[in-house]
Amino acid sequence: MILEVLVAVLAVVVLAGGALLFVAVRRSRSGTSSPRLAAEAPRPVRGSPAQVWAERAERAARAITSATAGRPELSGVHDDVELVLVEVRSSAAEVARLDQLLGQDLAPELRAESQRLSQAADQATDEVTRAELAGAAASVTDRLRAAEARQGAKETLLARMRGAVAGLERSRTEIAEWTSARALPVTVGDPVADLADRLRGLRSGLVEVQRLSAAGGDPGSGQGQPRDVPGSLEPRDGT
C-alpha cells in the first residue's frame with residue numbers, strides 16, 4: 001500500500017515538473033522569437049530617399065555576402081558589412097520617425113502662428129492679455145525650433161546613409177575584383193584590413209548621428225556635429 005502511494009505521488013511530481021518545463025520553454029521561445037509583441041520600428045515611405053538608400057545598401061550587402069561565401073579570409077569583412085547594414089536600417093527607421101514628427105509640427109504653419117501671436121501680443125491693450133499672448137508665441141517658437149532641429153537631423157542622417165551606401169558599393173566592387181582573381185592583389189599594406197577599417201568607420205558614423213538625433217538635437221548643427229569618419233563617402237551627384 002505504501003509503495004503504491006509513493007508511486008502515485010512520484011507520478012504526480014513528474015507530470016507537474018513536465019508541465020512547468022513545457023510552460024518555461026514556451027515562454028522562453030515567445031520571449032526570443034516574437035518580435036511582433038515589441039513595437040515595430042517605423043518604416044520610410046516607399047520611394048523616399050531613406051527607403052532608396054536602405055534598399056541599395058541591402059543589394060550591396062547581398063552581393064558582398066555572395067562574393068565572400070567560401071572565402072574564410074573575407075569572413076571578417078562579411079561580418080562588418082552586416083553591422084553596417086544594421087545601422088543603415090536603423091537610420092532609415094530614425095528618418096521615418098522624424099518624418100512622423102515633422103508631419104505633426106509643420107514649420108511654415110508654426111512660423112505663421114508664431115508671428116500672428118507676436119503681433120497680437122504687441123497690439124494687446126492690457127498686460128495680462130499681452131503676457132498670455134507672448135507666452136503662447138514663445139511656446140510656438142519652441143516647437144518651431146524643435147521642428148527645424150528635426151529637419152536638420154533628418155538631412156544629416158540621409159547624408160550619412162548616402163555615404164554609407166557609397167562605401168558599401170565601393171566595397172562590393174573591390175571584393176568582386178578580389179574574388180575574381182586567384183589571390184588578393186599585391187599592394188602596400190593589407191587590403192582586407194583597410195576595407196575592414198573603412199566599414200567600421202561607416203558604422204561608427206551612422207551610430208553617432210543616430211545617437212545625436214535620438215537625443216533631440218540637430219547632428220548637423222555646429223555644436224555636436226559628427227566628425228568625418230574613415231569610409232564615409234558622400235557622392236557629389238546624389239546617386
Side-chain angles (χ1 to χ4, degrees), residues 35 38-65 79-111 141-173 195-239:
E40 291 187 0
R43 297 182 179 180
V45 177
R46 184 73 180 173
S48 65
Q51 188 273 326
V52 171
W53 294 126
E55 185 174 331
R56 283 178 58 170
E58 296 278 359
R59 288 201 302 267
R62 286 196 299 269
I64 293 173
T65 297
D79 294 342
D80 288 332
V81 167
E82 289 298 318
L83 291 174
V84 173
L85 185 58
V86 167
E87 297 307 329
V88 169
R89 292 169 181 159
S90 181
S91 296
E94 178 65 9
V95 170
R97 184 187 73 85
L98 292 171
D99 275 335
Q100 292 176 354
L101 294 174
L102 287 168
Q104 299 169 9
D105 289 335
L106 298 179
E109 286 79 357
L110 290 174
R111 192 173 292 107
T141 299
D142 289 340
R143 289 179 59 192
L144 176 60
R145 290 173 179 168
E148 291 172 343
R150 293 188 188 107
Q151 182 63 37
K154 172 186 171 181
E155 292 173 357
T156 305
L157 274 165
L158 288 173
R160 192 67 80 182
M161 287 181 68
R162 184 171 66 247
V165 170
L168 287 174
E169 292 176 342
R170 173 183 171 184
S171 301
R172 176 189 60 193
T173 301
L195 176 56
D197 286 342
R198 293 205 309 271
L199 291 170
R200 284 190 287 269
L202 293 175
R203 178 177 179 273
S204 297
L206 290 167
V207 169
E208 184 177 5
V209 174
Q210 289 178 65
R211 178 183 61 79
L212 292 172
S213 175
D218 175 4
S221 62
Q223 185 174 3
Q225 185 172 359
R227 62 185 183 277
D228 291 334
V229 293
S232 182
L233 305 175
E234 297 179 9
R236 296 179 182 274
D237 59 2
T239 59

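The structure displayed is predicted, hence computed values, not measured ones. Throughout, residue positions are numbered sequentially from 1 according to the sequence presented.
Residues V165 and V52 have side chains not in contact (no heavy-atom distance under 4.5 Å, counting atoms from C-beta outward). Side-chain atoms of L98 and L157, non-hydrogen and from C-beta on, do get closer than 4.5 Å to each other. At a threshold of 4.5 Å between non-hydrogen side-chain atoms, the residues R97 and L101 count as touching. Using a 4.5 Å heavy-atom cutoff, the side chains of V45 and Q51 are not in contact.
Of the charged side-chain nitrogens involved, at least one lies within less than 4.0 Å of a carboxylate oxygen, so that R46 and E55 count as a salt-bridged pair. Between R145 and E148 there is no salt bridge, since no side-chain nitrogen of the basic residue lies less than 4.0 Å from a carboxylate oxygen of the acidic one. Between R203 and D80 there is no salt bridge, since no side-chain N of the basic residue sits under 4.0 Å from a carboxylate O of the acidic one. A salt bridge does not link E155 to R150: none of the charged side-chain nitrogens sits closer than 4.0 Å to a carboxylate oxygen. Classification of R89 and E58 as a salt-bridged pair holds, one side-chain N sitting under 4.0 Å from a carboxylate O.
Rounded to the nearest 0.5 Å, atoms CZ (R211) and CG (L206) are 13.0 Å apart. Between the CG atom in L168 and the CZ atom in R59 there is a gap of 12.0 Å [rounded to 0.5 Å]. Taking CD of E94 as the start and CE of M161 as the end, the distance is 11.0 Å to the nearest 0.5 Å. Atom CZ of R43 is separated from atom OG of S48 by 13.0 Å, given to the nearest 0.5 angstrom. Rounding to the nearest 0.5 angstrom, the gap separating the CZ atom in R200 from the CG atom in L202 is 11.0 Å.
Under the side-chain hydrogen bond (donor to acceptor under 3.5 Å, both in side chains) criterion, Q210 pairs with E87, S90, S91, not counting sequence neighbours.
With hydrogens and angles ignored, the 3.5 Å screen pairs a side-chain donor or acceptor of T156 with a backbone N or O of G152. Using a distance-only test at 3.5 Å, with no hydrogens or angles considered, a donor-acceptor pair links the side chain of T65 to the main chain of A61.
Contact record, S213 with A153: OG-CB, 3.8 Å, taken as the closest heavy-atom pair. Of all the heavy atoms in S171 and L199, the pair that sits closest is OG-CD2, 3.7 Å.
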